[in-house]
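Note that the structure is a prediction, hence the values are computed from the model and not measured.
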Number of protein chains: 2
Amino acid sequence: MGTAERREREKIRRKNDIVDAAERIFFSKGLETATMDDVAAEAELSKGTLYLYFKSKEELYLAINERGFHILQKLFAAAISNEQSGLEKVRAIGRAYFEFAQKHADYFNAMLYYESRKMDVSEKNSCARACEQMGSETLKIVAQAIRIGIDDGSIRPGVHPFRTAVVLWGQSSGIVQVHSLKAKHLKEKHDVDPDEIMRLSLEMMARSLQK
Amino acid sequence: MGTAERREREKIRRKNDIVDAAERIFFSKGLETATMDDVAAEAELSKGTLYLYFKSKEELYLAINERGFHILQKLFAAAISNEQSGLEKVRAIGRAYFEFAQKHADYFNAMLYYESRKMDVSEKNSCARACEQMGSETLKIVAQAIRIGIDDGSIRPGVHPFRTAVVLWGQSSGIVQVHSLKAKHLKEKHDVDPDEIMRLSLEMMARSLQK
DNA sequence: TTAAAAAAATGACTAATAGTCATAAAGTAA
DNA sequence: TTACTTTATGACTATTAGTCATTTTTTTAA
């Protein structure tokens with residue numbers, strides 16, 4: 001009889017429902033302000049039960065991060081397939097990342113929150129592993145696009161695909177962070193349009209791959 | 001009589017001593033793990049007195065950040081004056097930033113911790129203002145170096161100095177963050193030398209300014 | 001159907017820690 | 001010496017992550 005299997009399915013569904021509730025709470029109250037009691041109430045569960053499914057607040061964060069990474073990966077896959085040349089693929093990935101940060105700002109901020117913290121390797125949480133794995137895959141996607149660009153001549157030869165992918169990823173993260181965290185400041189104090197900064201950054205990154 | 005003045009001086013010295021103690025505690029225990037009781041003990045003060053000088057843990061963090069910004073600004077000033085062409089000045093600023101992140105990793109991490117958090121404008125703390133002010137000045141230094149580069153021909157005309165400065169700043173932040181937070185991961189999982197990533201990033205940023 | 005066993009759920013409880021405040025000590029001025 | 005001001009204290013409160021003994025529900029098997 002499939003009792004165990006059914007229970008397994010229900011457990012997964014339940015975890016999903018909890019993450020749904022956690023998102024509603026975390027995204028509306030802010031990651032730090034929201035409490036586990038809030039999440040338990042929103043999920044219509046006792047606190048003890050909540051901890052039965054997620055053994056810490058961090059694990060809940062990470063489950064949300066994992067969802068964010070999934071969205072991002074899909075956007076990247078779509079971006080790549082829509083373009084011909086390698087350079088255009090790389091540009092499209094950059095645009096997709098910027099789009100993600102804007103249209104899925106909640107996920108982006110949640111991911112930013114955790115990415116900017118040193119995570120010990122010892123924390124071998126399954127979500128953490130999944131996120132790390134997806135990060136690596138993303139890098140490989142960019143490196144592959146660069147390789148295609150070198151072959152089709154849209155990217156100058158001599159660039160090291162993987163290392164360059166890491167650089168582009170880091171640079172993009174920084175710009176998107178600036179856009180997300182300093183948009184108001186840039187606009188009000190320096191009369192600079194944050195979207196223009198993102199476009200300019202994309203252009204400059206593309207330029208550094210050409211010639 | 002200069003009683004009030006002397007008291008003012010002593011208050012500033014005391015605040016400094018507290019920040020010294022806070023650094024020892026925060027830098028050794030980690031920003032989140034360290035407690036205000038720890039800091040009070042290290043400063044040989046009661047907790048109540050500590051709160052007389054800094055009204056929150058965040059204000060202490062910010063006082064540390066302010067010190068970090070000062071160091072960074074001095075490094076930038078030195079970097080600029082050591083180079084001739086505008087492009088070389090910009091490169092030197094980039095190198096100085098990377099150097100700061102490595103040689104003053106504690107300050108860098110403290111700054112990163114707060115920079116990556118949305119700070120409300122309502123929090124009109126004096127240290128927060130000072131940090132913001134220094135951030136703006138730093139951007140102006142970069143923009144000025146770009147202007148010099150356009151004039152002396154080492155940077156292509158047509159770049160908008162201030163916007164480009166913002167882009168370079170954002171990109172550098174991202175790369176330095178990657179270097180700081182993912183160094184181990186890059187080395188172990190991808191066999192990539194983090195320092196090489198920083199050098200490559202500098203080279204690519206410089207390339208995007210030339211031609 | 002029922003009793004024993006297993007799994008899931010509960011919420012009162014603990015521990016940790018940021019921040020407060022009534023009280024006391026030290027310093028200043030007359 | 002006395003009245004007043006500033007500085008210092010640490011016991012106390014409030015909040016919240018995480019635990020655990022107990023209860024409720026579900027499953028299994030006779």
Side-chain angles (χ1 to χ4, degrees), chain A residues 1-19 21-22 25-26 28-64 110 113-114 117 119-120 123 125 127-128, chain B residues 1-19 21-22 25-26 28-64 110 113-114 117 119-120 123 125 127-128:
Chain A
M1 60 193 60
T3 317
E5 288 82 351
R6 197 205 62 216
R7 270 217 292 264
E8 194 54 35
R9 276 199 314 277
E10 278 181 357
K11 193 171 177 179
I12 290 170
R13 236 233 313 263
R14 182 62 88 89
K15 282 190 101 165
N16 248 298
D17 290 346
I18 293 174
V19 178
I25 295 295
F26 287 149
S28 65
K29 289 202 170 189
L31 296 183
E32 297 188 282
T33 318
T35 72
M36 291 300 265
D37 289 86
D38 291 336
V39 174
E42 177 73 23
E44 293 175 294
L45 246 47
S46 76
K47 201 188 198 173
T49 309
L50 173 58
Y51 272 90
L52 227 54
Y53 289 88
F54 291 91
K55 74 172 200 297
S56 70
K57 196 177 181 182
E58 181 174 319
E59 222 174 73
L60 254 182
Y61 286 151
L62 286 170
I64 292 174
Y113 183 85
Y114 254 88
R117 248 151 211 40
M119 289 277 234
D120 219 355
E123 309 180 29
N125 172 287
C127 283
Chain B
M1 59 195 60
T3 317
E5 288 81 351
R6 195 205 63 216
R7 269 216 292 263
E8 193 55 33
R9 277 199 313 277
E10 277 180 355
K11 193 171 179 180
I12 289 170
R13 235 238 308 267
R14 181 65 86 88
K15 282 190 100 167
N16 248 299
D17 290 345
I18 293 174
V19 178
I25 294 296
F26 287 148
S28 65
K29 289 202 170 188
L31 296 183
E32 298 188 280
T33 316
T35 73
M36 290 300 266
D37 290 86
D38 291 336
V39 175
E42 176 73 23
E44 295 176 292
L45 245 45
S46 76
K47 201 185 196 178
T49 309
L50 173 58
Y51 273 90
L52 227 54
Y53 289 88
F54 291 91
K55 74 173 199 294
S56 70
K57 196 177 181 183
E58 182 175 317
E59 223 174 71
L60 253 182
Y61 285 151
L62 286 171
I64 293 174
Y113 183 84
Y114 255 88
R117 249 155 209 41
M119 288 276 235
D120 220 354
E123 308 180 31
N125 173 285
C127 284

To the nearest angstrom, how far is [X] atom [atom1] from [N] atom [atom2]?
X       : N      : atom1 : atom2 : value
A:Glu8  : C:dA7  : CD    : P     : 13 Å
B:Glu58 : C:dG19 : CD    : P     : 9 Å
B:Asp17 : D:dT7  : CG    : C1'   : 16 Å
B:Glu44 : D:dT9  : CD    : C1'   : 15 Å
B:Phe26 : C:dT17 : CZ    : P     : 12 Å
A:Lys57 : D:dT16 : NZ    : C1'   : 8 Å
A:Leu52 : D:dT23 : CG    : C1'   : 14 Å
A:Glu59 : D:dG18 : CD    : P     : 10 Å

Please report the shortest heavy-atom distance between [X] and [Y], naming the atom on each side.
X       : Y       : result
A:Val19 : A:Ala63 : CG2-CB, 3.8 Å
A:Ala34 : A:Lys57 : O-NZ, 2.8 Å
A:Ala22 : A:Leu60 : CB-CD2, 3.7 Å

**Q.** Residue B:Arg7, side-chain atoms from C-beta onward, closest of D:dT7, D:dG10, C:dT10
**A.**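 Per side-chain heavy atoms of B:Arg7, the pick is D:dT7.
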
Q: Within residues 34-42 of chain B, find the residues that approach DNA chain D with a heavy atom at under 4.0 Å, and present them sorted by residue number.
A: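 The answer is none.
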
Q | DNA chain D: 5'-proximal contact among A:Thr33 and B:Tyr53 (nearest heavy atom) | A |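 Comparing both residues, the 5'-ward one is B:Tyr53.
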
Q) Who pairs with A:Arg13 by salt bridge (Lys or Arg N to Asp or Glu O under 4.0 Å), at least two apart in sequence or on another chain? A)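 Here no residue qualifies.
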
Q: Compute the angle between the rotation axes at the two ends of the helix from C:dT1-D:dA30 to C:dA30-D:dT1, each taken over five pairs, rounded to 10 degrees.
A: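 The end axes of the helix from C:dT1-D:dA30 to C:dA30-D:dT1 are about 10° apart, to the nearest 10°.
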
(Q) Please determine whether a side-chain nitrogen or oxygen atom of A:Arg14 lies at a distance below 4.0 Å from atom OP1 or OP2 of C:dA9. (A)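 For C:dA9, OP1 or OP2 has a side-chain N or O of A:Arg14 closer than 4.0 Å.
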
(Q) For a quick check, with a 4.0 angstrom heavy-atom cut-off, what is the B/S/- contact string for nucleotides 20-25 of chain C, read 5' to 3'? (A) BB----

Is the shortest heavy-atom distance from the side chain of [X] to the side chain of [Y] under 4.5 Å?
X       : Y       : value
B:Thr33 : B:Phe26 : no
B:Lys11 : B:Arg14 : no
B:Glu42 : B:Asp38 : no

Q.
Using the side-chain contact (heavy atoms from CB on, under 4.5 Å) criterion, which residues pair with B:Ala110? Sequence neighbours excluded.
A.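 With sequence neighbours excluded, B:Ala110 shows a side-chain contact (heavy atoms from CB on, under 4.5 Å) to B:Phe27, B:Leu31, B:Ile64, B:Asn65, given in chain and number order.
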
Q) What distance separates B:Ile18 CD1 from B:Glu44 CD, expressed to the nearest 0.5 Å? A)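 One finds 12.0 Å between CD1 of B:Ile18 and CD of B:Glu44.
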
Q. What distance do B:Glu8 atom CD and B:Glu10 atom CD have between them, rounded to the nearest 0.5 Å?
A.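 Result: 10.5 Å between the selected atoms.
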
Pairs under 3.5 angstrom only: tabulate donor-acceptor contacts from the side chains of residues 47-55 of chain B to other protein residues two or more places apart or in another chain.
| from | atom 1 | to | atom 2 | distance (Å) |
| --- | --- | --- | --- | --- |
| B:Lys47 | NZ | B:Asp37 | OD1 | 3.2 |
| B:Thr49 | OG1 | B:Ser46 | OG | 3.0 |
| B:Lys55 | NZ | B:Glu59 | OE2 | 3.0 |

Q: Please figure out whether B:Ser56 or B:Arg6 has its closest DNA chain C nucleotide nearer the 5' end.
A: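 Checking each residue's closest nucleotide, the 5'-ward one belongs to B:Ser56.
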
Q) Hey, does B:Phe54 reach any base, or is it just sugar-phosphate, or nothing, if we go heavy atoms under 4.0 Å? A)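 No contact at all - B:Phe54 keeps every heavy atom at 4.0 Å or more from the nucleic acid.
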
